Amino acid sequence: MVQSGAAQMRSFEPDWVIGIGGGSPMDAAKAMWIFYEYPELTFEQAAVPFSLPELRTKARFIGIPTTSGTAAEISNLSVITDEQTGIKYPLADFGLTPDIAIIDPVLVTHMPQHMIAYSGMDAVTHSIEAYVAKPRTIFTDALAIEAAEVLKDHLLASFQGDLASREEVHYAQAMAGMSFANAVLGNVHSLAHKSGPIFNIPHGLANAIYLPYVIQFNRKVVEDRYANLATRLNLKGNNAQELTDSLVEWVRKVNRDMGLPATLQEFGIEEDVFRNHVEAMANNAMKDPCTGTNPRETSAEQMRKLYESAYYGVDVNF
């Protein structure tokens, strides 16, 4: 699809590329933009993080989101699925950050309820992962923690039909996106990128399932950060351990309240199918750029165990 779109662009040479829709359409438009400007570039070359040749030799880019979660309209990423292997590759380069973002809540007024849940949990994941990611700064922290608070206060109300809250969520997801575009992400996204296409799990839903387990895994090195976040969200706890437990429980509760499955098994993946893929998924997740910025160093065995915890619903204690 990307190569076909890029070929069409070369036929009429646009000055602007406009990506409108959810994350996938905007990401596809970004990738088309890359290969429109550099048709000789291979996908393998484009997939090397922060190595793209300079864009804007032919066109600039506008992002217009019609969902509230991916923040593709302001991020420096384009996540593309290789249809040969079924693996998602994040193309990452600061040049991919759109020139203009039009973040208009009118465009999400009629978003389907399941999409509110999936995209909303994508935004929640962005805010939490960016807040603990290795390259975080005081600037990304401010955006991440404010976005998380707005999402806690408004995501469920948006899901239940409150349009004022839906507007707040639409802005918060962009703030979370600005944060992760600079702080990057972590293992939740690595796990989701490598399992989503194989099991046909929507990206935001995959994030919702994996997030509690990755918080439990990372708490060994960033429990104080999770406790700060939980305090900002007015969650209960007398110390860092209790506050982090409350953060995990809040994520699980908002998932339940929006009717999302808690495990891969509950999503409907047969056990033998999962077992057949888990080793390859873990190895592929190790190569994901988000793994390198996860706050806790992760081995392939630990990545496999994270998949298994999320499949069977077993708390992470390793």
Side-chain angles (χ1 to χ4, degrees), residues 23-24 27 43-44 47 49 70 77 79-92 114 117-118 121-122 124-126 128-129 132-134 184-222 248 251-252 255-256 259-318:
S24 292
D27 284 355
F43 184 76
E44 290 71 24
T70 67
L77 294 173
V79 182
I80 300 297
T81 303
D82 182 340
E83 81 280 7
Q84 302 287 321
T85 63
I87 296 173
K88 285 187 177 183
Y89 292 93
L91 312 183
H114 72 280
Y118 298 168
M121 289 310 297
D122 195 17
V124 168
T125 304
H126 291 159
I128 294 176
E129 287 213 291
V132 299
K134 285 179 184 173
V184 201
L185 294 162
N187 282 355
V188 178
H189 275 74
S190 302
L191 295 164
H193 288 154
K194 307 314 176 191
S195 60
I198 290 172
F199 298 138
N200 198 28
I201 313 173
H203 176 68
L205 175 56
N207 282 344
I209 292 171
Y210 293 129
L211 181 56
Y213 303 99
V214 173
I215 293 173
Q216 291 177 330
F217 175 76
N218 286 336
R219 70 186 302 169
K220 288 192 174 184
V221 296
V222 286
V248 171
V251 172
R252 287 176 167 164
N255 281 342
R256 286 195 303 271
L260 302 184
T263 66
L264 296 175
Q265 193 170 39
E266 192 181 326
F267 175 71
I269 299 164
E270 297 292 337
E271 188 171 18
D272 59 337
V273 174
F274 172 76
R275 303 299 331 175
N276 287 341
H277 287 285
V278 66
E279 204 73 41
M281 291 190 310
N283 290 331
N284 286 326
M286 290 299 295
K287 303 170 190 171
D288 193 281
C290 295
T291 302
T293 53
N294 189 72
R296 182 180 173 190
E297 295 297 321
T298 313
S299 68
E301 181 187 3
Q302 288 170 328
M303 199 70 81
R304 176 180 55 78
K305 288 169 75 174
L306 281 170
Y307 274 124
E308 289 171 346
S309 295
Y311 183 82
Y312 295 106
V314 178
D315 283 340
V316 172
N317 57 10
F318 51 87

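Predicted model, so just to flag it, every value in this text is computed and none were measured.
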Rounding to 0.5 Å, atoms NZ (Lys220) and CG (Asn317) come to a distance of 7.5 Å
Do the side chain of Asn294 and the main chain of Cys290 share a donor and acceptor less than 3.5 angstrom apart? no
Hey, mind stepping through Leu77 and Asp27 against side chain to side chain contact (heavy atoms under 4.5 Å, CB included) and telling me if it holds? CA-CA 7 Å; Leu77 294 173; Asp27 284 355; 5.7 Å; no
SB check Glu308 Arg275 (cutoff 4.0 Å): yes
Minimum heavy-atom separation for Asn283 to Ala300, with atom names? OD1-CB, 3.8 Å
Side chains of Thr298 and Asn187: donor-acceptor distance under 3.5 Å anywhere? yes
Heavy-atom distance under 4.5 Å between the side chains of Val79 and Thr70, does that happen here? no
Side chain to side chain contact (heavy atoms under 4.5 Å, CB included) between Leu264 and Ile201, intermediate numbers included: CA-CA 9 Å; Leu264 296 175; Ile201 313 173; 3.6 Å; yes
Would you check if Arg296 and Val222 make a side-chain contact, meaning some heavy-atom pair closer than 4.5 Å? no
Which heavy atom in Gly313 sits nearest to a heavy atom in Thr263, and how many Å separate them? CA-CG2, 3.5 Å
For residues Gly204 and Asp122, report the shortest heavy-atom separation together with the two atoms involved. CA-CB, 4.0 Å
Taking every heavy atom of Met281 against every heavy atom of Lys194, the minimum-distance pair comes out as CG-O, 3.7 Å
Over 60° means perpendicular and under 30° means parallel, so classify the ring planes of Tyr307 and Tyr210, tilted if in between. perpendicular
Close side-chain approach of Val251 and Tyr213, heavy atoms under 4.5 Å: no
Measuring from atom OH of Tyr311 to atom OG of Ser195, what distance do you get when rounded to the nearest 0.5 angstrom? 13.0 Å
In terms of relative ring orientation, are Phe318 and Phe217 parallel, tilted or perpendicular, with 30° and 60° separating the classes? tilted
Between Asp315 and Arg252, does any side-chain N to carboxylate O distance fall below 4.0 Å? yes
Lys287 backbone acceptor or donor facing Thr291 side chain under 3.5 Å: no
Geometric class of the Phe199/His277 ring pair [parallel <30°, tilted 30-60°, perpendicular >60°]: perpendicular
Kindly say whether Pro295 contributes a backbone atom to a donor-acceptor pair with the side chain of Asn218 at under 3.5 angstrom? no
From Met121 atom CE to Ile128 atom CD1, the distance as rounded to the nearest 0.5 Å: 7.0 Å
Heavy-atom closest contact (Glu266 atom, Pro261 atom, distance): OE2-CA, 3.4 Å
Residue pair His203 / His189, side-chain heavy-atom distance below 4.5 Å: yes
Within the structure provided, determine whether Ile209 and Leu260 are in side-chain contact (heavy-atom separation under 4.5 Å). no
Residues passing the side chain to side chain contact (heavy atoms under 4.5 Å, CB included) test with Glu301, sequence neighbours excluded, are Ser299, Arg304, Lys305
Within the supplied structure, the quantity of interest is the number of heavy atoms (other residues, nucleotides, ligands) at a distance under 6.0 Å from Asn276 CG; does it exceed 12? yes
Tell me whether Thr293 contacts the main-chain N or O of Lys134 through its side chain, where contact means a donor paired with an acceptor under 3.5 Å. no
